[in-house]
Amino acid sequence: GGGHRSRSRSRSRDRRRSRSRGRQGFPVRVKKEDESSDGKPSKVKVEDRAPRSWDPSKPLLPKLAERQDSDWAQLPVLEYRKTIVDMVKNNQVIVLTGETGSGKTTQIPQYLAAECGWTGRIGVTQPRRVAAVSVARRVAEEVDCECGEDVGYAIRFEDVTSPLTAIKYLTDGIMLRECLGDRFMKDYSVVMLDEAHERSLHTDVLFALMKEVCKNRPEFRLLVCSATLNTTKFSDYFFNCPMIDIPGRTFPVEIQHIDCQRYVDKVMELVDHLHAEQPPQHHILVFLTGEDEINRACQGIHRRIIQRQADGEEVCAMRICPLHASLPVEFYQRVFDEPPEGTRKLVVATNIAETSITVPGIKFVIDCGAVKQKIFNAESGMESLNIVPVSKPAAKQRSGRAGRTGPGVCIRLYSEKKMMKEFPEETMAEILRTNLSSTILILKGMEIDDPVNFDYMDPPDADKIVSGLRMLYLLGAIDADGKMTKVGRDMALFPLEPSLSRMLLASILHKCADEMVTVVAMLAVDGANVFYRPTMKEEQLVATAARQRFYDPEGDYAGLLRLYKEWEEAGGMRRGLAWCKTNYVHSRAMCRAFDVREQLIGIMNRYEMPVMQATRQSLVGRAIAESLFMNAARRGGKDTYETLSEGRMVSIYPGSLICPFGKDDWAELVVCLEMVWTSTGQMRFVCTANAKWIMDLLPKINTVDIRRLCGDQIKIKKKGADVGSADQRAEEAAQKEIKKGDKDVSDAKSRFLERKRMREEKLAQMK
DNA sequence: CTCTCCCT
């Protein structure tokens with residue numbers, strides 16, 4: 001799929017969800033029938049139409065049953081229509097493999113709706129929001145209905161479905177949340193898990209949940225769709241189900257391998273060469289691993305073209321488009337637009353162009369063969385970003401991008417031998433690489449208590465599961481025996497990481513939820529990255545100065561709060577764009593934070609959790625410190641810290657907004673949201689803590705009994721935390737804080753505030 | 001002295 005991220009059209013979805021709770025104490029989504037599905041008045045009023053009388057003897061969408069063969073979209077999959085329908089009728093699960101362009105995602109649900117009588121919907125999951133929306137719109141057009149009637153979609157913030165909806169496209173994350181309300185998915189007769197080969201975290205969890213549904217509902221049907229390769233693995237996992245392969249419709253791509261050491265340099269050389277030799281309508285797409293490489297390549301290529309022009313050569317114009325997720329939205333459009341006659345388009349992208357964004361008119365693909373991958377290390381509790389070889393299917397996917405509109409060429413910057421030997425056969429499933437606390441909490445929410453013996457297609461390492469359980473225990477979501485607590489149940493209500501849910505709940509007790517919900521919303525949209533870094537060196541200085549206005553010794557939360565408030569005062573959702581530009585802040589991130597904030601407040605209102613404004617800001621800091629005490633660290637050297645739990649040396653993430661009160665006057669004790677391993681351990685989202693706030697909580701770190709947490713399900717080789725030391729380190733930190741004296745700190749604080757006031761006055765005078 | 005990419 002391709003296209004743009006669409007802005008959400010409605011932000012009040014939560015209001016119309018039912019207040020009732022399901023059996024397990026979780027919300028059941030019930031939409032009132034008198035309301036349109038997308039928040040706007042729909043052209044066909046739902047109440048004017050007879051409610052669907054689900055009749056197993058009649059097709060799900062009778063109007064499709066009248067279609068002639070020539071009425072169907074002429075795609076490769078059409079040839080298999082009867083075969084597929086028969087297979088689904090006769091088998092509970094089938095695995096479908098099909099390359100891009102086969103039409104399986106759009107056509108198969110229609111085939112089933114035309115011929116099969118069922119009592120529930122057909123649900124089709126997608127790993128990406130844009131794909132769910134664009135596919136649903138296209139299918140609605142083919143079915144000749146308004147999107148939200150016979151065909152609809154559901155993504156976060158946008159539920160464009162009605163009780164009539166027979167074919168529903170949804171993100172895998174939404175499907176997982178729906179499972180939390182009803183484990184047996186009784187709303188659906190058929191579920192199709194699309195893009196299964198991508199092995200996204202949510203799809204992997206759904207694999208196991210859908211197997212359970214199959215065992216409990218004989219009439220239920222499951223389709224698992226994957227690009228080719230490794231399909232027997234899917235079939236083996238799904239009860240040895242039958243498989244079918246559908247050919248795609250793409251153009252041939254010629255593959256060339258060039259072995260090289262420094263691929264960024266090679267990219268510059270190759271693009272320069274192609275640009276001189278090839279006609280300008282042959283556009284080029286380059287895959288690199290990150291922003292740095294992309295900027296370097298773009299600048300190098302630009303220099304070479306200038307050089308050729310200076311040498312008096314006749315070279316055509318080139319439009320150079322860097323493409324990665326942290327670019328502001330305006331840049332994306334340049335990627336889709338066809339440049340003027342005689343101008344070549346060059347797109348230098350991360351793997352965002354592998355699946356999420358389809359660039360039209362590409363003749364040449366240059367693939368560096370590497371990708372940045374986030375890996376969670378359970379032993380250190382840190383995650384890191386590593387550059388690793390792409391998988392063989394991913395390399396194929398990249399080369400395929402050259403054959404969308406005509407025959408193409410893919411130049412791979414690695415030898416064939418290296419590919420065969422070093423590239424993995426499949427992309428490592430996300431569930432094997434990620435922090436599992438969130439997943440385990442969802443499972444516990446479904447009364448699946450044993451995350452160790454869960455039916456994973458690829459079981460994660462035991463130490464990762466243990467690490468997730470330990471985190472949940474320290475957050476108070478589960479008790480010492482691994483049973484979900486009241487706090488855990490409340491945490492699972494929020495579409496957030498467990499640590500963020502915990503902060504929100506803590507803020508309710510400290511009567512500062514109005515502030516915390518802003519902080520949490522900012523963090524939920526990649527809070528560390530709301531600032532935009534320009535490419536040009538001089539501009540970077542301006543950007544840094546703009547960011548410094550939000551520095552605050554209390555911690556990142558205080559800076560983020562000021563940032564959000566300023567944005568709102570500057571016009572927020574509707575008129576905040578100019579403010580974002582001058583402050584080098586991502587407008588996209590801010591708007592998303594607004595949406596998340598609204599959604600969270602909606603949930604809190606529904607469960608009658610008081611959203612109060614803090615009488616003083618430090619209450620927010622206290623709620624954060626109490627939630628994240630397991631990530632506390634005391635000051636070690638000048639600006640280094642030592643974790644209380646394990647005595648590990650860490651530093652503050654350079655993009656943090658925390659700052660010392662005075663020169664060198666760094667906080668003695670801090671907590672952070674997460675630790676990231678780069679060249680050193682780094683704390684992200686840092687908050688100043690008072691030793692008194694967390695003293696009583698710290699001993700809990702040493703009470704973790706892994707065997708009990710797992711319900712004796714696991715053989716543990718890992719030793720517990722260094723017993724006793726956490727308390728001792730905390731005690732020392734507290735002593736140091738006391739010795740330093742409250743007076744010194746408060747003096748420094750008032751000096752800081754005075755300086756800040758002066759700066760702001762000066763700024764106000766300038767305006 | 002830092003930022004692959006998705007998603008509730």
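Note: hydrogens, waters and symmetry copies are ignored here, and every other heavy atom, side chains too, is used. Naming: A, B, ... by sequence-line order, numbering from 1 per chain.
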Determine the contact category for [X]: base if any of its heavy atoms lies under 4.0 Å from a base atom, sugar-phosphate if only primed atoms, P, OP1 or OP2 are that close, otherwise nothing.
{"X": "A:L496", "answer": "base"}
{"X": "A:Q373", "answer": "nothing"}
{"X": "A:L385", "answer": "base"}

Select one nucleotide: of [options], the one nearest the side-chain heavy atoms of [X].
{"X": "A:Q682", "options": "B:dT4, B:dT2, B:dC5", "answer": "B:dT2"}
{"X": "A:H202", "options": "B:dC7, B:dT2, B:dC6", "answer": "B:dC7"}
{"X": "A:I174", "options": "B:dT4, B:dC3, B:dT8", "answer": "B:dT8"}
{"X": "A:R156", "options": "B:dT8, B:dC5, B:dC1", "answer": "B:dT8"}
{"X": "A:E497", "options": "B:dC6, B:dT8, B:dC1", "answer": "B:dT8"}
{"X": "A:N351", "options": "B:dT4, B:dT2, B:dT8", "answer": "B:dT4"}
{"X": "A:R533", "options": "B:dC3, B:dC1, B:dT8", "answer": "B:dC3"}

In whole Å, what is the span from the [atom1] atom of [X] to the [atom2] atom of [N]?
{"X": "A:Q397", "N": "B:dC5", "atom1": "CD", "atom2": "C1'", "answer": "14 Å"}
{"X": "A:I352", "N": "B:dC6", "atom1": "CD1", "atom2": "C1'", "answer": "10 Å"}
{"X": "A:D595", "N": "B:dT8", "atom1": "CG", "atom2": "C1'", "answer": "13 Å"}
{"X": "A:R296", "N": "B:dT2", "atom1": "CZ", "atom2": "P", "answer": "15 Å"}
{"X": "A:W677", "N": "B:dC3", "atom1": "CH2", "atom2": "P", "answer": "13 Å"}
{"X": "A:Q540", "N": "B:dC1", "atom1": "CD", "atom2": "P", "answer": "16 Å"}
{"X": "A:R684", "N": "B:dC3", "atom1": "CZ", "atom2": "P", "answer": "7 Å"}
{"X": "A:H586", "N": "B:dC5", "atom1": "NE2", "atom2": "P", "answer": "11 Å"}

OP1 or OP2 of [N] less than 4.0 angstrom from a side-chain nitrogen or oxygen of [X], does that happen here?
{"X": "A:R128", "N": "B:dC5", "value": "no"}
{"X": "A:T678", "N": "B:dC1", "value": "no"}
{"X": "A:T171", "N": "B:dT8", "value": "yes"}
{"X": "A:T350", "N": "B:dC5", "value": "yes"}

Checklist line | A:Y557/A:F685 aromatic ring centres below 6.0 Å | finding: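 Centroid separation for A:Y557 and A:F685: 6.0 Å or greater.
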Lys/Arg N to Asp/Glu carboxylate O, [X] vs [Y], below 4.0 Å:
{"X": "A:K372", "Y": "A:E293", "result": "no"}
{"X": "A:E178", "Y": "A:K168", "result": "yes"}
{"X": "A:D556", "Y": "A:R684", "result": "no"}

Check: Under 3.5 Å, is there a donor-acceptor pair between the side chain of A:N631 and the main chain of A:C672?
Finding: yes
Notebook entry, point to check: Want to settle it: does A:K374 or A:P495 sit nearer the 5' end of DNA chain B, counting the closest nucleotide to each?
Noted result: A:K374
Note to self: Under a 3.5 Å cutoff, is there a donor and acceptor pairing between the side chains of A:S200 and A:R128?
What the structure shows: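 Per modelled atom types, A:S200 and A:R128 side chains form no pair under 3.5 Å.
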